[in-house]
Amino acid sequence: QVQLVESGGGLVQAGDSLSLSCAASRGTFSNYGMAWFRQAPEKEREFVAAITWNGDATFYADSVRGRFTISRDNAKNTVYLQVNSLKPEDTAVYYCARKQVGIPFPEESVRWYDYWGQGTQVTVSS
């Protein structure tokens, strides 16, 4: 069973940057598409970014495109999310997730992701 552990969150000011990481263990990582989601208080979990199993394609939500970058290193079983030009509305718990096999890329719905990390908090002050 895959275990995903996020790290890198924190409290920053608007305009700052953070580097989020998601380390996978106890299972296969390199054969699966991965994604980042986020959930703000009292809001539904929303899609942020996705990457194919080999990193040859990425996809972003409109709200983060141009500011966030998803990447992966299969040798390290890790997926990353570089978040730049942060805004207060980016405040949320950020989760990484593994996409189910056979689901087309990109996929924004949480229902097609079968393993999730515990999340890392990102708080952006104005």
Side-chain angles (χ1 to χ4, degrees):
Q1 184 170 345
V2 174
Q3 184 176 26
L4 303 174
V5 179
E6 300 94 337
S7 61
L11 171 62
V12 296
Q13 294 185 332
D16 285 350
S17 300
L18 285 172
S19 295
L20 308 184
S21 297
C22 170
S25 62
R26 301 182 186 175
T28 304
F29 171 81
S30 59
N31 294 342
Y32 293 85
M34 299 292 293
W36 286 91
F37 290 77
R38 66 186 181 186
Q39 188 166 16
E42 301 183 355
K43 292 188 175 180
E44 292 188 353
R45 193 167 297 188
E46 65 173 2
F47 171 83
V48 173
I51 189 167
T52 51
W53 68 274
N54 61 355
D56 67 347
T58 57
F59 183 76
Y60 299 91
D62 289 343
S63 59
V64 307
R65 187 174 291 116
R67 299 187 297 122
F68 290 12
T69 302
I70 188 172
S71 62
R72 66 190 297 162
D73 185 340
N74 285 345
K76 295 182 178 180
N77 286 349
T78 302
V79 62
Y80 305 95
L81 187 69
Q82 178 66 35
V83 296
N84 298 328
S85 303
L86 282 162
K87 305 175 181 180
E89 51 264 43
D90 294 319
T91 295
V93 177
Y94 283 70
Y95 300 90
C96 67
R98 192 186 80 169
K99 186 169 65 71
Q100 297 179 33
V101 173
I103 304 303
F105 178 89
E107 178 51 63
E108 300 180 60
S109 173
V110 299
R111 64 184 295 188
W112 300 115
Y113 291 83
D114 54 4
Y115 288 97
W116 296 79
Q118 84 292 343
T120 185
Q121 176 73 46
V122 173
T123 303
V124 185
S125 63
S126 57

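- Listed here is the closest heavy atom pair of Cys22 and Leu4: SG-CB, 4.0 Å.
- Taking the side chain as every heavy atom from C-beta outward, Thr120 and Leu20 approach each other to under 4.5 Å.
- Atom CD of residue Glu46 and atom CZ of residue Arg38 lie 4.5 Å apart, to the nearest 0.5 angstrom.
- Between the side chain of Thr91 and the backbone N or O of Val124, at least one donor-acceptor pair lies under 3.5 Å.
- Nearest approach of Ala14 to Ser126, heavy atoms of both residues: CB-CA, 4.4 Å.
- In this structure, OH in Tyr80 is found 10.0 Å from OG in Ser19, a value given to the nearest 0.5 Å.
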> How far apart are the C-alpha atoms of Ile70 and Phe59, what are their side-chain angles, what is the distance that settles it, and do they pass the side chain to side chain contact (heavy atoms under 4.5 Å, CB included) test?
Replying inline: CA-CA 8 Å; Ile70 188 172; Phe59 183 76; over 6 Å; no
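- Annotation: the span from Thr58 atom OG1 to Phe68 atom CZ amounts to 14.0 Å, rounded to 0.5 Å.
- Remark: side-chain polar atoms of Thr52 are paired, donor with acceptor, to backbone N or O of Ala57 under 3.5 angstrom.
- Counting only N and O atoms by type, the side chains of Thr123 and Gln121 include a donor and acceptor under 3.5 Å apart.
- Considering only heavy atoms from C-beta on, Met34 stays 4.5 Å or farther from Thr78 through its side chain.
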Hey, can you pull the donor-acceptor pairs under 3.5 Å for the side chains in residues 110-117, sequence neighbours left out?
residue	atom	partner	partner atom	Å
Tyr113	OH	Glu107	O	2.6
Asp114	OD1	Arg98	NE	3.4
Asp114	OD2	Arg98	NH2	3.2
Trp116	NE1	Tyr113	O	3.2

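- Note: Phe37 and Phe47 have perpendicular aromatic rings, judged against thresholds of 30 and 60 degrees for the angle between ring planes.
- In this structure, CG on Asp90 lies 11.5 Å from CG on Asp16, to the nearest 0.5 angstrom.
- For the pair Arg45 and Tyr95, the cation-pi criterion (under 6.0 Å, within 45° of the ring axis) is fulfilled.
- Both Tyr94 and Leu18 belong to a single network of hydrophobic side chains, linked directly or stepwise wherever heavy atoms of I, L, V, M, F, W or Y lie under 4.5 Å apart.
- Ser125 and Gln13 are not linked by any side-chain donor-acceptor pair at a separation below 3.5 angstrom, with hydrogens and angles left out of the test.
- Inspection of the Ser17 and Asn84 side chains reveals an N or O donor paired with an N or O acceptor under 3.5 Å.
- A continuous path of ILVMFWY side-chain contacts below 4.5 Å connects Val48 to Val12, so both sit in one hydrophobic cluster.
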>> With side chain to side chain contact (heavy atoms under 4.5 Å, CB included) as the criterion, how do Tyr32 and Val2 come out once you've worked through the C-alpha distance, each side chain's angles and the decisive distance to 0.1 Å?
In response: CA-CA 11 Å; Tyr32 293 85; Val2 174; over 6 Å; no
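- The pair Asp62-Arg65 counts as a salt bridge, with a side-chain nitrogen and a carboxylate oxygen less than 4.0 angstrom apart.
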>> Determine whether Val122 and Val83 satisfy the following criterion, side chain to side chain contact (heavy atoms under 4.5 Å, CB included), listing intermediate values before the conclusion.
In response: CA-CA 10 Å; Val122 173; Val83 296; 5.6 Å; no
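- Rounding to the nearest 0.5 Å places CG of Asn74 at 12.0 Å from NZ of Lys76.
- Side-chain N or O atoms of Gln118 include one that pairs as donor or acceptor with a backbone N or O of Glu6 at under 3.5 Å.
- Looking at Ser63, its side chain never comes within 3.5 Å of a backbone N or O of Ala61 through a donor-acceptor pair.
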> Can you list the steps and then say if Ile51 with Trp36 is a side chain to side chain contact (heavy atoms under 4.5 Å, CB included)?
Replying inline: CA-CA 9 Å; Ile51 189 167; Trp36 286 91; over 6 Å; no
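- Here the closest non-hydrogen pair linking Phe29 and Asn77 is CD2-CA, 3.5 Å.
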